[in-house]
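Everything below concerns the one structure shown next.
All values below come from the heavy atoms of this structure, side chains included, with hydrogens, waters and symmetry mates left out.
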Protein chains: 2
Amino acid sequence: MDTDSKTIGAVERSFDIVEVIQRRGPIGVSEVADVVSLPKSTVYTHLNTLSSAGYLIKEDGLYRLSCQYLQLGATVQHSIDLYRQGKEEVDELAAEVEERTNLVIEENGLGTCVYATNSSNSTQAYMNLGEQRPMHATATGKAILAHLPVDRVDDIIERHGLEGFTEQTITSRDGLEEELAEIRDAGISFDNEESVDGLCCIATPVIVDDHPLGSISVSGPCSQFKRPDRRDELCEALRNAANVIQLDFMLT
Amino acid sequence: MDTDSKTIGAVERSFDIVEVIQRRGPIGVSEVADVVSLPKSTVYTHLNTLSSAGYLIKEDGLYRLSCQYLQLGATVQHSIDLYRQGKEEVDELAAEVEERTNLVIEENGLGTCVYATNSSNSTQAYMNLGEQRPMHATATGKAILAHLPVDRVDDIIERHGLEGFTEQTITSRDGLEEELAEIRDAGISFDNEESVDGLCCIATPVIVDDHPLGSISVSGPCSQFKRPDRRDELCEALRNAANVIQLDFMLT
DNA sequence: ATATACTTTTCGATGATAGTAAACGACCGT
DNA sequence: ACGGTCGTTTACTATCATCGAAAAGTATAT
């Protein structure tokens with residue numbers, strides 16, 4: 001379907017280089033050449049091309065990503081319905097519950113964070129803007145999966161498997177099926193250290209026209225989330241927020 | 001310097017296509033081919049390459065930008081010193097003065113917006129995230145120019161000229177020189193409809209180690225900004241904010 | 001100063017490959 | 001069934017991205 005159809009090598013190489021710069025920050029020709037295992041001269045022309053196209057900035061002999069990506073990123077973010085309609089609401093939610101909140105959508109079969117508040121008492125974020133994580137191992141991912149047609153779910157599992165990240169990760173197809181049914185009933189999903197040890201997360205899907213547009217979540221250290229009263233409080237706040245967002249969609 | 005050195009055509013073509021999609025949103029092969037004046041088959045392989053690399057998403061036969069750009073954009077933003085140190089402060093500033101505030105740096109000789117608050121009473125933004133504008137026609141740009149070495153200023157003017165956008169734009173080298181001297185004296189710069197009719201802006205540079213890292217600004221409709229008392233109020237608030245940011249840099 | 005050891009950059013020959021036209025199949029609405 | 005889209009595939013060829021080698025630049029030490 002997508003593995004080996006005709007692609008342009010030079011373009012792939014350029015994006016490889018961009019990713020290297022993204023990971024390692026400002027960097028010179030030689031180091032890039034080293035990392036991607038290409039001749040310096042080849043890398044040089046790529047860097048040159050990307051600079052003259054405005055996607056890299058050359059400063060003191062080092063290349064760094066340009067602000068073009070800022071613009072592209074902003075364009076992408078604003079093109080996402082859930083972001084446009086949900087940002088304000090999750091901001092308020094974050095202020096109310098004083099925990100980190102996230103907006104997540106499905107892309108390429110992965111849960112993709114399209115917005116996150118840095119809650120005031122910000123525990124280190126576990127999911128950053130644009131970051132992608134397998135759906136079966138996160139509250140947000142499961143919330144979406146639970147409301148996707150079965151064949152889509154099958155596709156996604158086939159594509160990405162059910163890798164285990166912690167002791168708690170659901171790694172069996174049956175276990176997942178059961179969990180998704182529960183989530184559909186409850187209208188809410190939990191992640192109790194299924195993705196990262198010590199991290200808990202509660203999520204609700206945002207459903208419009210029977211399609212899950214994505215999900216919103218609250219996340220933080222488990223200590224906070226295990227107290228039943230606190231948990232109920234968070235669930236309630238989440239449900240409310242999701243409701244507000246869904247209503248906004250209706251009225252637009 | 002960079003006009004005609006060796007570059008890779010295929011890569012440039014791919015980025016052209018990305019930019020087309022950025023401007024026009026989800027789009028099919030034929031329409032792209034039309035816009036960029038290339039054969040459908042050529043465009044097809046480019047879109048294919050970009051999709052399989054994860055930078056485009058193919059949905060219902062249309063291609064759209066993927067969330068990869070979100071991640072790249074976030075990486076870029078966090079790599080900018082002025083953003084990391086200044087975001088919080090301009091957020092507070094925006095809340096205080098209830099106008100739109102911006103963080104701007106110089107990139108490629110252009111003023112580049114690296115952060116902007118959508119003030120509560122948000123008048124339509126004139127500068128969006130990642131957007132670039134000539135420095136001589138904006139308060140933020142002039143604030144930076146005023147503290148750049150003369151030869152850098154010369155470079156920039158040579159590269160981008162002194163295009164006029166409104167009646168008020170400074171279009172002569174001498175006029176600009178004079179203005180920059182005034183800005184250095186006052187520590188603050190104004191844009192009275194020099195860029196866009198009806199829009200005013202006040203900016204202060206953020207200077208660390210005698211180098212301007214960028215500038216912060218407040219902008220809005222002229223009506224608000226012409227009242228002398230209001231103007232003084234905004235100037236004072238800006239100066240304070242810039243001071244706080246500069247201090248933060250010292251302590252880091 | 002001179003040398004050394006690294007960079008980045010230029011250049012030209014070569015062969016892989018990106019570009020292209022033309023044909024194909026799928027999908028509309030009429 | 002028909003013309004009109006659309007996206008996709010194919011096969012050929014001339015281009016052009018690649019790469020080694022060598023030049024030019026930069027910094028450090030001797």
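In terms of position along DNA chain C, the nucleotide closest to A:Tyr63 lies nearer the 5' end than the nucleotide closest to the other residue of the pair B:Arg13 and A:Tyr63. If you find the closest nucleotide of DNA chain C to A:Leu62 and to B:Val43, the one lying nearer the 5' end belongs to A:Leu62.
Between B:Tyr44 atom OH and C:dA21 atom P there is a gap of 18 Å when expressed in whole angstrom units. Atom pair B:Leu50:CG and C:dA18:C1' shows a separation of 14 Å (rounding to whole Å applied). Remark: P of D:dT10 and CG of B:Asn48 are 12 Å apart, rounded to the nearest angstrom. One interatomic measurement links the two molecules: CG of A:Leu47 to C1' of C:dT8, which rounds to 11 Å at whole-angstrom precision. The CD1-P distance, from B:Ile27 to D:dC6, rounds to 12 Å in whole Å. Remark: C1' of D:dC6 and CG of B:Asp60 are 14 Å apart, rounded to the nearest angstrom. Following rounding to the nearest Å, B:Ile8 (CD1) and D:dT15 (C1') show an atom-to-atom distance of 14 Å.
Contacts between residues 31-40 of chain B and DNA chain D, counted as heavy-atom distances below 4.0 Å, involve B:Lys40.
Atoms OG1 and CG, on B:Thr140 and B:Asp191 in that order, are 8.0 Å from each other to the nearest 0.5 Å. Atoms CD1 and CD, from A:Ile170 and A:Glu177 in turn, are 11.0 Å apart once rounded to the nearest 0.5 Å. In this structure, CD1 in B:Ile188 is found 10.5 Å from OG in B:Ser217, a value given to the nearest 0.5 Å.
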Name each donor-acceptor pair under 3.5 Å that joins a side chain in residues 148-155 of chain B to protein atoms two or more places apart or in another chain, with its distance.
unit_1   : atom_1 : unit_2   : atom_2 : d
B:Arg152 : NH2    : B:Glu106 : OE1    : 3.3
B:Arg152 : NH2    : B:Glu106 : OE2    : 3.2
B:Asp154 : OD1    : B:Arg173 : NH1    : 2.4
B:Asp154 : OD1    : B:Arg173 : NH2    : 3.3

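Within the structure, side-chain hydrogen bond (donor to acceptor under 3.5 Å, both in side chains) contacts touching residues 19-35 of chain B (residues at least two apart or in different chains) are A:Tyr55-B:Glu19, A:Thr75-B:Gln22, B:Arg24-B:Glu31.
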Scan nucleotides 26-30 of chain C against the protein and return all N/O pairs shorter than 3.5 Å with their distances rounded to 0.1 Å.
none

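Contact check on A:Asp16 versus A:Arg13 returns no salt bridge, with no Lys/Arg side-chain nitrogen under 4.0 Å from an Asp/Glu carboxylate oxygen.
Ranking D:dG7, C:dT8, D:dA17 by closeness to the B:Ser30 side chain, first place goes to D:dG7. Minimum atom distance to the side chain of A:Lys6 is reached by C:dG19, of the listed C:dG19, C:dG12, D:dT8.
For B:Arg133 and B:Phe165, the positive end sits near the middle of the six-membered ring, less than 6.0 Å away and at most 45° from its axis.
Side-chain to base pairing of B:Ser41 with C:dA21: one donor and one acceptor N or O lie within less than 3.5 Å of each other.
A close approach under 4.0 Å does occur between a side-chain nitrogen or oxygen of A:Lys58 and OP1 or OP2 of C:dT9. At the phosphate of C:dA18, neither OP1 nor OP2 sits under 4.0 Å from any side-chain N or O atom of B:Thr45. For the pair B:His46 and C:dG19, the criterion of a side-chain N or O lying under 4.0 Å from OP1 or OP2 is met.
Ring geometry for B:Tyr69 versus A:Tyr69: interplanar angle under 30°, hence parallel rather than tilted (30 to 60°). Between A:Phe15 and B:Phe15, the two ring planes are parallel [angle under 30°; tilted spans 30° to 60°].
With sequence neighbours left out, the side-chain hydrogen bond (donor to acceptor under 3.5 Å, both in side chains) criterion links A:Glu107 to B:Arg64.
For DNA chain C, the stems formed by at least three consecutive Watson-Crick or G-U pairs, with both atom-pair distances below 3.5 Å, span C:1-24 with D:7-30, C:26-28 with D:3-5.
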(request) Just do the side-chain hydrogen bond (donor to acceptor under 3.5 Å, both in side chains) check on B:Thr7 and B:Glu12 with the steps written out, would you? (result) CA-CA 8 Å; B:Thr7 57; B:Glu12 292 172 329; 3.1 Å; yes

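What you find for A:Ile245 and A:Gly86 is that their closest heavy atoms are CD1-CA, 3.7 Å.
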